[in-house]
Each structure stands twice: as C-alpha cells, then as structure tokens.
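The first residue of the sequence shown is numbered 1, and numbering continues consecutively from there. Note: hydrogens, waters and symmetry copies are ignored here, and every other heavy atom, side chains too, is used. Because the structure is a prediction, the values reported are computed rather than measured.
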Amino acid sequence: MMRAPLVNFRRLQVATPWPVVWTVTILFLLLRLAVVLVRFAVWAVRHWRAWPGVVLVLVAVDVYQSHGWWPHLLVLLVLAAVGGVWWWRGRDSFQRLVVLRVVSWWRRLWVYRRQWHEAMTLCGLVKKYDGGEKVPELLSVRCSYATDEVVLQMPRGQNPEAYHKAAHDLAYSFGTRHCRVFSGRRQAPPARSGRLAWLLRRVDAIRFRDRPRHVWLVFIRRDPLTRIVKPLPVPARPDFTALPLGLREDLAVYCLRLLATHVLIGGATRMGKGSVIWSLLRSLAAGIRSGLVRVWAIDPKGGMELAIGGPLFSRYVDDDWSRMADMLDDAVTRMRARQRVLRGKVRVHTPTVDEPLIVIVIDELATLLAFLPDSEIRNRITHSLGVLLSQGAGLGVLVVAATQDPRKEVVTVRDYFPTRIALGLTERGHVDLLLGDGARDRGALADHIPISAKGVAYVLLDGQPEPARVRFSYIDDDLIRDMAATFAAPPEVQPEPVEPPAPVKPARNGTGNGRHTYRPTPPRQAAPLLPPSLLNALDIDTTPHGGEPR
C-alpha cells in the first residue's frame with residue numbers, strides 16, 4: 001500500500017519525492033537553530049558581566065552535592081573577614097568596588113527592571129508599531145553615593161527631547177524628585193600612558209564612541225545640595241581652565257573654565273551672587289598674591305558687597321561713576337597695547353607676572369548700563385564694555401559681571417558673555433534669556449530654586465547641551481577678611497595707561513594761536529511792521545534792527 005505525501009502538488013503536476021521534502025525541512029530547522037544560537041551568543045556577549053555569577057552558582061551546586069554545606073560556610077567566613085579588613089584599611093575603595101556595585105545590581109533588578117515597562121508606558125515613551133510595542137531598552141544602572149545613572153536605548157522614531165519633557169514624570173515614577181537627562185556620555189575617555197597605551201586608546205575609542213540612540217538618565221537619590229558647601233582649599237597655583245568653585249549634585253567638584261571667556265552671573269536678590277564671586281576670587285587668591293592675576297573691581301552699590309575684600313583688588317571703585325568709566329577705558333587701553341604686542345604671535349594670551357590676567361569684577365551690571373543718570377557716562381561704559389567683551393577674552397582681559405535682571409533691554413551686552421550662571425530667578429522666561437533658548441526644557445529649573453537654597457545654580461558644562469545643577473561654596477565675612485589679609489594684591493608696577501590727548505583743531509579766524517574765542521551773536525530783533533511815515537509820526541527810532549520807543 002502506497003502512502004500519500006504530506007504536501008499536495010497536484011496543481012503543479014509534479015511528483016515530489018520524499019527525500020526532497022525531508023531535505024528542505026531539515027535545512028529549515030538547521031537555519032532556525034543557527035539563528036537561535038547567534039541570538040544566544042549576542043545575548044551572552046551583552047551580558048558578559050553575568051558569566052562569573054553563573055559559573056559561581058554552578059560551582060556552588062557541584063560542591064554542595066559533593067561535600068554539603070560546610071564549604072559554603074567556610075567561604076562566607078573568609079569573605080567576611082577579608083571584607084572587614086578591607087573596610088578597615090581602605091574604606092573608599094571598598095565602597096566603590098563592592099558596596100556600590102551591589103547597590104547597582106539590587107536597584108537595577110528591584111527598582112528599575114521590575115517596573116520598567118509600566119513606567120515607560122505611563123510616561124508616554126512606548127512607541128506603537130505593527131500591532132506591537134517598542135519599549136526603551138534598559139542597558140545598565142550605575143549607582144554613586146547620591147545618584148543612579150540609568151543608560152537606555154531609544155526605540156526608532158524618538159529623540160532625547162521626549163525624555164527631557166518626561167523628566168519630572170520619570171523622577172516620581174522611580175521614587176525620586178529630580179531626574180537629569182543627558183543625550184551624550186557624561187564621562188570623557190581617560191588619558192592613557194605606558195607601553196599598552198596605544199592598545200587602550202583603541203579600546204577606549206570603541207567604548208566611548210558616539211551613540212546617538214543612547215540616553216543617560218541621572219536620578220538624584222540623595223540631594224547633596226541641600227547643605228551649605230564649605231569653602232574649598234585655595235589652589236597653590238590657579239588652573240585657569242579648571243577653577244574649583246563648588247559641588248555638583250553628583251558629588252563631583254564643579255570647576256569653572258575662566259581662560260578666554262567672560263562670565264555672566266544672573267540671579268534674584270539674596271540668591272547667592274556673592275557666593276559665586278567670592279568663590280571665584282578664593283580660587284584665584286594664590287595668583288592674586290603672586291601678581292599672576294590682577295582683579296579690578298567695580299561695586300555700583302557703594303561697596304556693600306566688595307569693599308570688605310579691598311586688599312585683593314589692584315584697582316577698586318565704588319563711589320564715583322566717572323572713575324568707573326575711566327577704569328573701563330583704561331582696561332580698553334591696556335587691551336589695545338597687549339593686542340599690538342601679541343598680534344600675529346599667539347591667539348590666546350598666557351598669563352605671566354609681567355603680563356597678568358586682568359579680571360574685571362562688576363557686582364551689579366544693570367546699574368551701569370541702564371540706571372545711570374548721566375547719559376554721557378553711561379554711553380562711555382557701554383562702549384568700553386562692548387569692546388572688552390568682543391575682543392578681550394583672548395587677550396587676557398576678562399569680565400565677570402552679576403545682574404538681577406538678564407533682559408536684553410537692561411543688559412544690552414548679554415549676548416557677549418560665553419559663560420553664564422543662573423542662580424534662583426523670579427520669572428520662568430529669565431532662564432532661557434540667561435542660559436539660552438530651550439535651557440529650561442532641558443532641565444534648568446532656576447525659577448524653582450527656593451530662597452533657602454542660596455548659592456544653588458544651573459550651569460552649562462563643556463561639551464554638554466544639558467545644564468548641570470551646582471552649589472557654590474559659602475564664604476562668610478570673617479573668611480573674606482582673612483583671605484584679603486593673606487592674599488593681598490601687590491601694588492601696580494605698571495603705570496596706568498593714559499590715552500593721548502585728542503589733537504585740537506586750529507581756529508579758522510586766521511590768528512594762528514590755535515584758540516577759539518567764543519563771541520555770542522546778539523539776537524536779531526524783528527523788523528517793525530509799520531511803514532516809515534507812521535514810525536516818524538509815532539517818534540520811533542528806526543534803526544536797521546528796529547528799536548524801542550523814546
């Protein structure tokens with residue numbers, strides 16, 4: 001009896017032999033098996049960190065089957081003893097290499113992985129496609145003392161702006177109050193040296209390559225900026241590319257790059273502008289004492305803020321508008337002289353004792369630009385500041401200014417400040433005016449900073465479009481007096497630049513003495529409207545210019 005084939009090919013009128021059917025089926029199964037093996041290999045490579053754990057579990061099971069529980073207890077006692085000694089002798093390294101890794105593993109499984117799909121769906125970050133869902137993929141979780149850094153991969157059709165808008169929802173979904181969104185890697189590649197540096201650099205080029213679909217979510221688990229930041233140590237020699245001024249919310253030290261830039265500090269009254277200025281002066285204190293830095297200070301508030309640190313300043317004005325304008329004019333003249341020397345040699349000035357870095361500190365910029373009663377002095381100041389801000393950065397003549405109102409009609413030179421710091425502000429729109437369009441949508445909530453958080457600000461870090469939250473160190477009056485006495489500025493060794501007097505135009509009267517004598521022209525009186533005959537009858541003296549009745 002002949003068996004019927006499993007596949008009916010009568011329409012093709014071809015008799016299919018059984019070996020062909022089985023060959024096609026076996027090839028299809030082998031292809032599917034190869035796909036499964038490749039996917040498993042990719043999954044294993046992605047989760048290579050789990051290999052030691054899997055091997056350890058297999059070894060533990062084999063030892064238990066062979067010898068029972070006592071080897072496990074012995075291993076635990078040894079590990080506890082080693083961990084205790086490690087904690088005693090090197091607590092920082094133990095916390096970094098052991099405690100934080102365990103915390104990261106636990107929070108990845110219990111806090112994020114357990115409710116990831118639900119949180120992403122409710123926050124509107126899940127995409128619908130072809131009857132299914134595309135959920136952002138959780139790649140890694142790395143915990144520090146105060147933050148959780150979550151790295152995810154966006155599904156196609158999304159950009160980081162969607163995560164900026166959902167930052168508040170994400171923070172509260174995972175049990176925190178603050179969430180920062182970064183579209184680029186937050187750590188720079190390390191500097192490599194040694195024999196294997198060439199190999200490590202190539203590995204770093206792969207590890208730190210640009211990943212446009214990756215997004216870094218930083219959840220603030222414990223806000224360290226609620227406490228006052230103590231004054232930082234004074235550097236022995238200031239590094240103008242990284243001046244320590246305060247503390248970031250991830251417990252890293254915030255360093256300001258002052259070289260070849262101008263700084264604008266914006267904030268409402270009593271929100272900590274003085275903390276920024278005095279923290280900057282403290283980081284420059286060693287350079288001030290050695291003459292490497294010259295600070296010229298202008299305090300339009302009559303010295304209420306800067307007068308207490310007078311010995312730190314090479315030049316200081318707080319009570320005369322004309323002298324303030326003269327100081328800025330002198331800075332322009334000094335900049336012009338330096339420009340003639342450095343033209344064609346370098347592009348950025350390198351501070352030396354002979355040619356120091358000149359930092360002009362202005363406590364309230366709006367007073368000089370918008371509220372001066374004398375329009376002539378105000379125009380002089382505006383012109384000098386415009387020249388300094390547009391040309392002085394590369395020549396080592398820098399401006400550090402503070403203001404309460406960052407609007408363009410008040411601070412007309414606002415756009416010439418490359419570096420800006422936003423303290424607590426009173427209006428929502430002031431954030432974008434100070435830090436740039438879209439800064440508030442990217443997380444700079446400077447208008448939400450409470451009055452109790454003086455010195456907390458949002459800044460832009462190099463290479464990152466997203467603002468970072470920092471708190472500047474608080475320096476009290478006693479410490480300012482002590483700092484002024486310890487790091488007093490040496491006297492000016494260079495004479496103050498004086499503008500050459502403008503040439504006087506010679507007089508046009510041909511006397512040749514170069515003087516012009518002012519002679520007022522007598523006023524012309526209107527001619528009488530009556531005819532001469534009537535004027536004679538009225539006894540009026542008719543002169544060429546008219547006259548009065550006798």
Tell me, do [X] and [Y] make a side-chain contact under 4.5 Å, heavy atoms counted?
{"X": "Trp296", "Y": "Val397", "value": "no"}
{"X": "Val387", "Y": "Met335", "value": "yes"}
{"X": "Phe472", "Y": "Ile421", "value": "yes"}
{"X": "Phe313", "Y": "Asp299", "value": "no"}
{"X": "Ser384", "Y": "Asp329", "value": "yes"}
{"X": "Met271", "Y": "Leu425", "value": "no"}
{"X": "Ile228", "Y": "Arg471", "value": "yes"}
{"X": "Ile381", "Y": "Arg378", "value": "no"}

Does [X] come within less than 4.0 Å of [Y], counting only side-chain N to carboxylate O?
{"X": "Asp223", "Y": "Arg177", "answer": "no"}
{"X": "Glu305", "Y": "Lys273", "answer": "no"}
{"X": "Asp169", "Y": "Lys165", "answer": "no"}
{"X": "Arg440", "Y": "Asp447", "answer": "yes"}
{"X": "Arg323", "Y": "Asp326", "answer": "no"}

- request: Apply side-chain contact (heavy atoms from CB on, under 4.5 Å) to the pair Asp318 and Met304, showing each step before the final yes or no.
  value: CA-CA 9 Å; Asp318 62 7; Met304 296 302 297; over 6 Å; no
- prompt: Hey, mind stepping through Tyr474 and Lys454 against side-chain contact (heavy atoms from CB on, under 4.5 Å) and telling me if it holds?
  reply: CA-CA 9 Å; Tyr474 173 70; Lys454 299 178 182 179; over 6 Å; no
Would you say the side-chain atoms of [X] pair up with the backbone N or O of [Y], donor to acceptor, closer than 3.5 Å?
{"X": "Arg294", "Y": "Ser314", "result": "no"}
{"X": "Ser279", "Y": "Val276", "result": "no"}
{"X": "Arg334", "Y": "Asp330", "result": "no"}
{"X": "Ser104", "Y": "Cys143", "result": "yes"}
{"X": "Asp482", "Y": "Asp478", "result": "no"}
{"X": "Arg442", "Y": "Glu161", "result": "no"}
{"X": "Thr403", "Y": "Gly266", "result": "no"}
{"X": "Arg469", "Y": "Ala446", "result": "no"}
{"X": "Ser144", "Y": "Thr147", "result": "yes"}
{"X": "Arg202", "Y": "Trp198", "result": "yes"}

Would you compute the distance between atom [atom1] of [X] and atom [atom2] of [Y] and round it to the nearest 0.5 angstrom?
{"X": "His168", "Y": "Leu445", "atom1": "NE2", "atom2": "CG", "answer": "5.0 Å"}
{"X": "Glu149", "Y": "Arg185", "atom1": "CD", "atom2": "CZ", "answer": "8.5 Å"}
{"X": "Met327", "Y": "Tyr316", "atom1": "CE", "atom2": "OH", "answer": "9.5 Å"}
{"X": "Leu258", "Y": "Leu284", "atom1": "CG", "atom2": "CG", "answer": "6.0 Å"}

- prompt: Which heavy-atom pair separates Val353 from Leu292 by the least distance, and what is that distance?
  reply: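 Here Val353 and Leu292 meet closest at N-CD1, 4.1 Å.
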message: For Arg336 and Gln391: C-alpha separation, side-chain torsions, deciding distance, then whether side-chain hydrogen bond (donor to acceptor under 3.5 Å, both in side chains) applies.
response: CA-CA 9 Å; Arg336 295 293 190 195; Gln391 304 179 24; 2.8 Å; yes
- request: Return yes if a side-chain donor-acceptor contact under 3.5 Å exists between Thr241 and Asp239, otherwise no.
  value: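 Short answer, yes.
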task: Tell me yes or no: between the side chains of Ser93 and Trp86, is some donor less than 3.5 Å from an acceptor?
output: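 Yes, Trp86 and Ser93 have a side-chain donor paired with an acceptor closer than 3.5 Å.
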message: Between Asp204 and Arg207, does the salt bridge (Lys or Arg N to Asp or Glu O under 4.0 Å) criterion hold? Intermediate values first, please.
response: CA-CA 5 Å; Asp204 291 339; Arg207 289 180 54 205; 3.7 Å; yes
- request: Test side-chain contact (heavy atoms from CB on, under 4.5 Å) on Leu369 and Thr382 and set out the steps.
  value: CA-CA 6 Å; Leu369 298 178; Thr382 303; 3.6 Å; yes
- prompt: What's the verdict on side-chain contact (heavy atoms from CB on, under 4.5 Å) for Thr367 and Trp321, showing C-alpha distance, side-chain angles and the deciding distance?
  reply: CA-CA 10 Å; Thr367 304; Trp321 308 118; 3.9 Å; yes
- request: Among Asp476, Asp477, Ile308, find the one that has a side chain to side chain contact (heavy atoms under 4.5 Å, CB included) with Trp278.
  value: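 Only one of Asp476, Asp477, Ile308 forms a side chain to side chain contact (heavy atoms under 4.5 Å, CB included) with Trp278, namely Ile308.
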message: Over 60° means perpendicular and under 30° means parallel, so tell me whether Phe219 and Phe174 are parallel, tilted or perpendicular.
response: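 Rings of Phe219 and Phe174: perpendicular, over 60°.
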